[in-house]
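Remember, it's 1-based here, ligands and their atoms both numbered in the order they're listed. Values reported hereafter were calculated over all heavy atoms of this structure, with side chains retained and with hydrogens, waters and symmetry mates removed.
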Amino acid sequence: MANSRQDMVGISVKNPITGEEIGVVPNSTREDVQAAVERAQDAQLAWGAASVEERCRVIRQWGDLLWENQQRVMKIIREETGKNDAGAFIEVMGLDNYIAYYAKNAPEILRPKRRQPIFPIIQYGRVYHKPLGVVGIISPWNYPLALSMMDAIPALLAGNTVVIKPSEITPYSALAAADLAYQAGIPENVIQIVTGDGATGEALIDYVDMICFTGSTATGRKVALKAADRLMPISLELGGKDAMIVLADADVDMAASGAVAGSYENAGQMCISIERVYVEEPIYDRFVAKVKELVSQMVIGAGDGLDIHMGSMTNERELKRVEEHIKDAVEKGAEIIAGGNRRPDLGPLFFEPTVLIHVDHSMKVMKEETFGPIIPIMKVYNVDEAIRLANDTEYGLSGAIFTRDLERGERLATRLNTGDISVNRTQAVAVSVDMSWGGHIHSGLGGQRGGTAGILRFTASQSVLVDTQIGSKPGLTAIDPTTLMFLKLIRLARRYLPFL
Ligand code: NAD
């Protein structure tokens, strides 16, 4: 629910393509945030006490409503981001997959599990997964629906309530999704939206029981420091500089289209965008020619339909960084073989899909997160050089390897210091909900999205051991003679009974 105080200074949200104001949302104060968290605490009692199956039922209904209303939701996403239809659909589809996966698997993942206590037979143990309470979610603008709600799904199913602070640049997608949640029967205080800027996000950290942050590494560091004061659990999903490696035996057409689709989705404003490509020398020329050919076929613009391959960028800040990275690279010897210019004829924030060659690691475009539509391609002379360069970064989010030798590709993937790698695809792990993913090094901390880990990060595990009282009674010391005898017997038995 949007904060209802109308008297405070609001935040004007603009359509990046037309520059027109879409609306004004409240810039929620510390008091607003505190009140929202208090309401969420109260609501958590009933929500957390409901069965997991009951929570799955309403979340599924929410998913169905989102799916039925996808055109309306996609319009809202596109209005505030400037992305194309395909990009907006990716958000709806991604969220729908999350809902389907967790609504199916949450009961089993969260079920208390039997564990072996020190004295089998006379004792038994179980691990419980308890909700943390109120989870604060702070999200960025590049996938305003998916990244506000994807983490909310497992958090809610685990029995938490959530207070979400979407990016001040794109708050309406989250507000629309929350409205549908209420229509689906999720109580208003179980999922709340507090709109606002960074100060609202900071305040949220002061009141919730866990913070789940997605955004830049610089802000993530501030969030971690603030959360450390409260010794609270955190999950940080941060920036990236993903590499793609194309080995000499790769299918050139497939690798080139992988680079194009993987770099220009959402005009490159994706944490797991392919931001640099290393190609082995024998196929370098063919790969570069194919990428150039594909880029020449791309349609960019503000229109509807899947035949618009790239939309607008969302902020002037990112567009300026794109220009800065291109300028820096060209000054250091890079060559632009496609794109390189703004397209004011299409809208104020359109930028052409751009390809750079003759790049090296002295250039910003190979080391710093660009977050824009650039493919810098570098020739390498062997696979060791490719791996070394791919790992030459502070980031460790995702990446891709293209090769016909699948076993080698999988083996090489494990040499890259990233949370996930796809072989012969790009960004394929992020959409495979059963596979957990999350950044290494400065790309993430404290949790992963997807799979079992993606829901357990929103729980506190508690182990409960029950002694049946049929064994020895506690004596005056921890190790009395009977206990000692049992321990020795167990030790001996372990040699012959491996299940012990
Ligand atoms: P950002 O860090 O500027 O902002 C993210 C969110 O944090 C916004 O809601 C913002 O209002 C809030 N915020 C700002 N200052 C804060 C503070 N001091 N305390 C608490 N909250 C604060 O990031 P952005 O520009 O919105 O998003 C782009 C960045 O996000 C890129 O670096 C991208 O790689 C990263 N990202 C990462 C993932 C991932 O899953 N790893 C996904 C998408 C985007």
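Partners of Thr81 under the side chain to side chain donor-acceptor pair (under 3.5 Å) rule, at least two apart in sequence or in another chain, do not exist in this structure. A search for ring-ring contact (aromatic ring centres under 6.0 Å, His included) contacts involving Phe371 returns Trp141, not counting sequence neighbours.
With contacts defined as side-chain heavy-atom distances shorter than 4.5 Å, the pair Thr452/Ser436 does not qualify. In this structure, Phe89 and Ile77 have side chains that are not in contact, with every pair of non-hydrogen atoms separated by 4.5 Å or more. Using a 4.5 Å heavy-atom cutoff, the side chains of Ile191 and Tyr182 are in contact.
The pair Arg78-Asp85 meets the salt-bridge criterion, since a charged nitrogen lies less than 4.0 angstrom from a carboxylate oxygen. Between Arg317 and Glu324, none of the side-chain N atoms (NZ, or NE/NH1/NH2) sits under 4.0 Å from a carboxylate O, so this pair counts as no salt bridge. Between Glu202 and Lys222 no salt bridge is recorded (no basic side-chain N to carboxylate O distance below 4.0 Å). Salt-bridge formation is not detected for the pair Glu368/Arg321: no Lys NZ or Arg NE/NH1/NH2 atom is positioned less than 4.0 Å from an Asp or Glu carboxylate oxygen.
In summary, the atoms of ligand 1 found under 4.0 Å from a heavy atom of Leu147, numbered by their order in the structure, are 42 (C), 43 (C). Residue Thr214 has at least one heavy-atom neighbour below 4.0 Å for each of these atoms of ligand 1: 5 (C), 37 (C), 38 (C), 39 (C), 40 (O), 42 (C), 43 (C). Listed by atom number, the atoms of ligand 1 under 4.0 Å from Ser167 heavy atoms are 9 (O). Heavy-atom contacts of Asn142 reach the following atoms of ligand 1: 43 (C), 44 (C) (cutoff under 4.0 Å). Near Phe371, meaning under 4.0 Å from any of its heavy atoms, are these atoms of ligand 1: 28 (C), 31 (C), 33 (C), 34 (O).
A donor-acceptor contact under 3.5 angstrom links the side chains of Glu80 and Ser173, judged on distance only. In the model, Thr370 has a side-chain atom that pairs as donor or acceptor with a side-chain atom of His325 under 3.5 Å. Between Thr214 and Arg449, the side chains place a donor N or O and an acceptor N or O closer than 3.5 Å (distance only, hydrogens not considered).
At least one N/O-N/O distance between Thr219 and ligand 1 falls below 3.5 Å. Of the N or O atoms in Phe213, none lie within a sub-3.5 Å distance of an N or O in ligand 1.
For Lys165 and Phe213, the positive end is not near the middle of the six-membered ring at less than 6.0 Å and at most 45° from its axis.
Heavy-atom proximity to atom 30 (O) of ligand 1, evaluated over Pro171, Gly215, Gly444, is greatest for Gly215. The residue from Pro140, Ser139, Ser148 that puts a heavy atom closest to atom 8 (C) of ligand 1 is Ser139. Proximity annotation for atom 32 (O) of ligand 1: of Glu202, Glu369, Glu318, Glu369 comes nearest, heavy atoms only.
Among all non-hydrogen protein atoms, the one lying nearest atom 41 (N) of ligand 1 is Leu238 O, 2.7 Å. The shortest contact between atom 26 (O) of ligand 1 and any protein heavy atom is with Trp141 CD1, 3.0 Å. The protein atom (non-hydrogen) at minimum distance from atom 39 (C) of ligand 1 is Cys271 SG, 3.3 Å. Here the protein heavy atom with the shortest distance to atom 12 (C) of ligand 1 is Ile138 CG2, 3.7 Å. Annotation: atom 23 (O) of ligand 1 to nearest protein heavy atom, Ser216 N, 3.4 Å.
Within the structure, ligand 1 lacks Tyr143 among the residues with a heavy atom less than 4.0 angstrom away. Ligand 1 has at least one atom lying under 4.0 Å from a heavy atom of Arg317.
Of all the heavy atoms of Arg449, the ones lying under 4.0 Å from any atom of ligand 1 belong exclusively to the side chain. Of all the heavy atoms of Glu168, the ones lying under 4.0 Å from any atom of ligand 1 belong exclusively to the side chain. When non-hydrogen atoms are compared, ligand 1 lies under 4.0 Å from neither the backbone nor the side chain of Ile169.
Under the 4.0 Å distance rule, the nearest protein heavy atom to atom 4 (O) of ligand 1 falls outside the cut-off.
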